Amino acid sequence: MTSQQVLALTIGTGRTLALTLLSMLIGTVFALVLALGRISKNQIANKLTWIYVWIFRGTPLLLQILIVFLAVPMMAVEFFDMTIRYSPFVAAIIALTLNTAAYLAEIFRAGILSIDKGQMEACKALGLTRRQSMMKVIIPQTISRVIPPYSNEFIMILKDSSLVSAIGMSELYKVTKEMSSASGDWRVLFIAAAVYLFLTTISTFLFSKLEKTYSSYL
């Protein structure tokens, strides 16, 4: 491989990691809000969050990416006479965040509901509000239980980030595909596969260590 190809693969890998880390970070915060809405006794919040999760888990991620990048700007012009412009990178972050938030919300919801109800009752007996009980008692215990499925979602987004190539985002997959097509060198595809495998293996290892470390403090 030439130095230019190595540089291109390095930049592509960096963009893939940036897409994954940013979408997971923002998506985690959004997902926690959604999860609390899903278990809320407020019927409006419960139904709205259910609809959101239903839509984003029930439609293909590729379609969501295309809607954010192509349909939303067109709809803004048609319905509101507004011009919305964003780069493929921003559109990719938005789409990946919205998608992963729906999956993470269900992971968090299941984790919260797995905590014994007696703990919430004990918190009430101690005079804690529902919000205090969730933040200080329930959610900290939930974290260790959701780390394995959270790790799986992280890996899924890491791999599915390749779908943003459909809107011209130049990440690892797109860079590799273009290099292979231009040079006719099939080995580049295996190099990309090895990079993805390395990233997913490291991610699995780090999350495993995090789970063990966090569990030891509970």
Side-chain angles (χ1 to χ4, degrees), residues 19-65 67-68 72 91-161 163-164 200 203-218:
L19 285 171
T20 305
L21 293 172
L22 284 174
S23 60
M24 287 296 292
L25 178 62
I26 303 171
T28 297
V29 177
F30 188 24
L32 185 56
V33 175
L34 291 171
L36 294 176
R38 289 282 286 117
I39 63 176
S40 173
K41 294 181 180 179
N42 184 309
Q43 290 300 308
I44 295 177
N46 188 285
K47 294 299 181 184
L48 287 177
T49 51
W50 180 87
I51 291 172
Y52 177 93
V53 171
W54 173 63
I55 291 173
F56 280 91
R57 291 184 70 193
T59 54
L61 175 55
L62 178 58
L63 182 59
Q64 295 167 17
I65 293 171
I67 288 175
V68 170
V72 171
I93 290 293
I94 293 173
L96 291 173
T97 296
L98 295 175
N99 179 272
T100 194
Y103 286 91
L104 290 177
E106 287 299 279
I107 291 173
F108 293 160
R109 181 182 70 88
I112 292 172
L113 293 179
S114 70
I115 304 299
D116 191 281
K117 293 182 179 179
Q119 297 206 33
M120 181 62 78
E121 295 173 358
C123 290
K124 291 180 180 178
L126 292 172
L128 297 178
T129 64
R130 179 177 175 80
R131 183 174 179 277
Q132 291 174 325
S133 301
M134 291 296 296
M135 298 305 296
K136 295 182 178 181
V137 179
I138 305 301
I139 291 180
Q141 294 183 72
T142 301
I143 293 176
S144 63
R145 300 190 182 191
V146 302
I147 288 177
Y150 187 95
S151 172
N152 291 337
E153 179 60 19
F154 183 92
I155 291 172
M156 286 298 297
I157 288 296
L158 176 64
K159 293 185 294 184
D160 287 347
S161 64
L163 295 174
V164 304
T200 55
S203 300
T204 301
F205 173 77
L206 292 177
F207 277 110
S208 178
K209 294 289 289 185
L210 178 63
E211 182 184 7
K212 292 178 181 178
T213 301
Y214 193 88
S215 298
S216 65
Y217 289 102
L218 295 179

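Each residue takes its place number in the sequence, starting with 1. Owing to the predicted nature of the structure, the values given are computational and were not obtained by experimental measurement.
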ring-ring contact (aromatic ring centres under 6.0 Å, His included) partners of residues 20-44, not counting sequence neighbours, each pair once: F30-Y52

So does T97 get a backbone contact from the side chain of T100, meaning a donor-acceptor N/O pair under 3.5 Å? no

Hey, could you give me the CD1/CD1 distance between I94 and I67, rounded to the nearest 0.5 Å? 13.0 Å

Can you pull out every salt bridge (Lys or Arg N to Asp or Glu O under 4.0 Å) where at least one residue sits in residues 44-53? Sequence neighbours excluded, please. none

From NZ (K212) to CG (L210), nearest 0.5 Å: 12.0 Å

Could you check whether any side-chain N or O of T28 sits under 3.5 Å from a backbone N or O of M24, counting only pairs where one atom can act as donor and the other as acceptor? yes

Got a sec, which pairs hit salt bridge (Lys or Arg N to Asp or Glu O under 4.0 Å) with one end in residues 146-155, sequence neighbours left out? none

Can you check side-chain contact (heavy atoms from CB on, under 4.5 Å) on F154 and T204, steps first, answer last? CA-CA 9 Å; F154 183 92; T204 301; over 6 Å; no

Heavy-atom closest contact (L19 atom, A92 atom, distance): CD2-CB, 3.7 Å

What pairs with S114 under side-chain hydrogen bond (donor to acceptor under 3.5 Å, both in side chains), at least two apart in sequence or on another chain? R145

Measuring from I157:CD1 to L21:CG, what's the distance to the nearest 0.5 Å? 11.5 Å

In residues 54-65, what donor-acceptor pairs under 3.5 Å come from side-chain atoms, sequence neighbours left out?
from, atom 1, to, atom 2, distance (Å)
T59, OG1, I55, O, 2.9
T59, OG1, Q64, NE2, 2.8
Q64, OE1, N99, ND2, 3.0
Q64, NE2, F56, O, 3.0
Q64, NE2, T59, O, 3.0

Please collect all salt bridge (Lys or Arg N to Asp or Glu O under 4.0 Å) contacts where either partner lies in residues 24-34, sequence neighbours excluded, each pair once. none

CD1 on I93 to CG on L98, rounded to 0.5 Å: 11.0 Å

Quick one, L22 with L96, criterion side-chain contact (heavy atoms from CB on, under 4.5 Å). Give me CA distance, side-chain angles, the key distance, then yes/no. CA-CA 9 Å; L22 284 174; L96 291 173; over 6 Å; no

Under a 3.5 Å distance rule, please check whether S151 uses its side chain to pair with a backbone N or O of I147 as donor and acceptor. no

Residues V146 and G111: closest non-hydrogen pair is CG1-CA, 3.9 Å

What's the shortest heavy-atom distance between T20 and S23, and which atoms? O-OG, 3.1 Å

What heavy-atom pair brings V53 and A105 nearest, and what distance separates the two atoms? CG2-CB, 4.3 Å

Looking at every heavy atom in both S40 and N46, which two are closest together, and how far apart are they? O-ND2, 3.5 Å

Compare every heavy atom of A95 with every heavy atom of V68, then report the nearest pair and how far apart it is. CG2-CB, 4.0 Å

Looking at side-chain heavy atoms only, is the closest gap between L36 and I112 below 4.5 Å? yes

